[in-house]
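These notes are about the structure you will find just below.
Residue numbering restarts at 1 for every chain, and letters A, B, ... go by the order of the sequence lines. All of these numbers come straight from a predicted model, not from anything done at the bench.
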2 protein chains.
Amino acid sequence: MERAAVDLVLRDGIHLATIEAICEEAEVSSRTFFNYFDSKEDAILGLSDIKVTDEIVLAHARSARDHDVVTSSVGLIVELISPSLQNTSLHQSRTEILRRYPELFARKVARLTRITDELLDAVRKLMSHDPRFSDSAGAASLLAEPILSLCTASVRISAKEWIAAGSDAPIDEITIRAVALARQVVEKLR
Amino acid sequence: MERAAVDLVLRDGIHLATIEAICEEAEVSSRTFFNYFDSKEDAILGLSDIKVTDEIVLAHARSARDHDVVTSSVGLIVELISPSLQNTSLHQSRTEILRRYPELFARKVARLTRITDELLDAVRKLMSHDPRFSDSAGAASLLAEPILSLCTASVRISAKEWIAAGSDAPIDEITIRAVALARQVVEKLR
DNA sequence: TACATAATTGCACAATGTGCATAATTAATC
DNA sequence: GATTAATTATGCACATTGTGCAATTATGTA
């Protein structure tokens, strides 16, 4: 049904890709459609459930060089979004859809804000592993949000570049490039 | 009608605050409602049209100490959101609504992404006034997005604190505090 | 008053989404 | 293989949001 939804949007446009049409294409009833997706856009955008587990967070906290919170945060973010980067066929169609219909970003972002709190907790944990934040206890917690934003934006750009370059390079390249961008910002602004 | 929408949501809950009920309260027809708002949430959230004019951008570029891009960007962002901070009665109700119904952030964010491109252009202009970015021409443009994210997040936190403290202090306090937060991040991460 | 313009409304309609009862499919057990 | 139990798909009625269009009402102006 996701395939049908995505294909129809690209073929007929978002307005003609009604639930009815999608269900006809997928050969299911419209009622069944809503048994699987909360909304039409869920199917179109493929809003999979990202989980931020303690294991993943800890793994990144330990593996980052010097326990740098930027490196570990970027690594974590890239790992979380990597499934949607690798699922090539569907994902490419979805990327094209977002390009054509920027309004749909809304839902996508909505889902992301749903996990923003989880990500913030994760960044705070990662900060606690970073020696530069080990002394300043509670006050530093306020910095988690700006740090997360900085890292997320860097990943966004880096992923864009990666996709534009043909998605050939290993995904780690996204991480490396994103960390470099974040560092540049810090260097320039200090 | 905005007043009626906001009041009803707080009184009866989002589900019972239907268009029909809101229109009854506001004593207009539902058709009239949609002549003024594109959607129910528009009225509830009061998504006013933020305009990023060249004048405002230039004013901030010039007034910022040392033409620091963080200071000017934060100042710009605070100025853009200040109307919604000052319109006390309605805004307080809306803040409470967002607290109760975090899902509604979606639309709010959607509107913000609509002006993200404008904001990015603004930040690039502000960067061009910052001596630290004057040499590195095109490459630095990539940094606009992370910088904007950093500033936006800092403002978000600072505004939250400001509201929590009772919204008594002048709005400039938001700017000052946000700049301080952004600076802390940069200092810590370098 | 008479006229032009703008604001409001009614009505028909399309589309999304939900609740609930029923049918069809599949798997499990004897 | 037949029977039963679980899951999955469906049909139908309905509420809600939102739009297009034509008609009506209100408002200002000469």
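- Taking atom CG on B/Asp38 and atom C1' on D/dT19, their separation rounds to 11 Å, with Å as the unit.
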Shorter than 3.5 Å, N or O on both sides, protein versus nucleotides 7-9 of chain D: list them out with atom names.
unit_1 : atom_1 : unit_2  : atom_2 : d
D/dA9  : OP1    : A/Tyr36 : OH     : 3.1
D/dA9  : OP2    : A/Tyr36 : OH     : 2.2

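- Taking 4.0 Å as the cut-off between side-chain N and carboxylate O, A/Glu96 and A/Arg100 count as a salt-bridged pair.
- Going from atom CZ of B/Phe37 over to atom P of C/dT8 covers 11 Å, rounded to whole Å.
- The pair A/Lys188-B/Asp130 fails the salt-bridge criterion, with no side-chain N (NZ, NE, NH1 or NH2) lying under 4.0 Å from an Asp/Glu carboxylate O.
- Judged purely by distance below 3.5 Å, without hydrogens or angles, the side chains of B/Ser149 and B/Thr152 never pair a donor atom with an acceptor atom.
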Which atom pairs link the protein and nucleotides 14-16 of chain C when you take only N or O atoms and keep those under 3.5 Å?
unit_1 : atom_1 : unit_2  : atom_2 : d
C/dT16 : OP1    : A/Lys40 : NZ     : 3.1
C/dT16 : OP2    : A/Ile19 : N      : 3.1

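- In this structure, CD1 of B/Ile44 is placed 14 Å from P of D/dT16, rounded to the nearest angstrom.
- At most 12 non-hydrogen atoms from other residues, nucleotides or ligands lie less than 6.0 angstrom from CD of B/Glu20.
- B/Asp12 places its CG atom 16 Å from the C1' atom of D/dT16, with the value rounded to the nearest Å.
- Remark: C1' of C/dG17 and CG of A/Asp42 are 12 Å apart, rounded to the nearest angstrom.
- Between A/Lys160 and B/Glu145, at least one side-chain N (NZ, or NE/NH1/NH2) sits under 4.0 Å from a carboxylate O, which counts as a salt bridge.
- The existence of a salt bridge linking A/Arg183 and A/Asp68 is confirmed by a sub-4.0 Å separation between a basic side-chain nitrogen and an acidic carboxylate oxygen.
- One atom, CZ of A/Phe33, and another, P of C/dG19, lie 17 Å apart when rounded to the nearest Å.
- Not a single donor-acceptor contact under 3.5 angstrom links the side-chain atoms of A/Arg31 to the base of C/dG17.
- Between A/Glu2 and A/Arg94 there is a salt bridge, since at least one side-chain N of the basic residue sits less than 4.0 Å from a carboxylate O of the acidic one.
- Taking atom CG on B/Leu16 and atom P on D/dA15, their separation rounds to 14 Å, with Å as the unit.
- Salt-bridge formation is not detected for the pair B/Glu187/A/Arg190: no Lys NZ or Arg NE/NH1/NH2 atom is positioned less than 4.0 Å from an Asp or Glu carboxylate oxygen.
- In summary, B/Asp7 and B/Arg3 engage in a salt bridge, as defined by a charged side-chain N under 4.0 Å from a carboxylate O.
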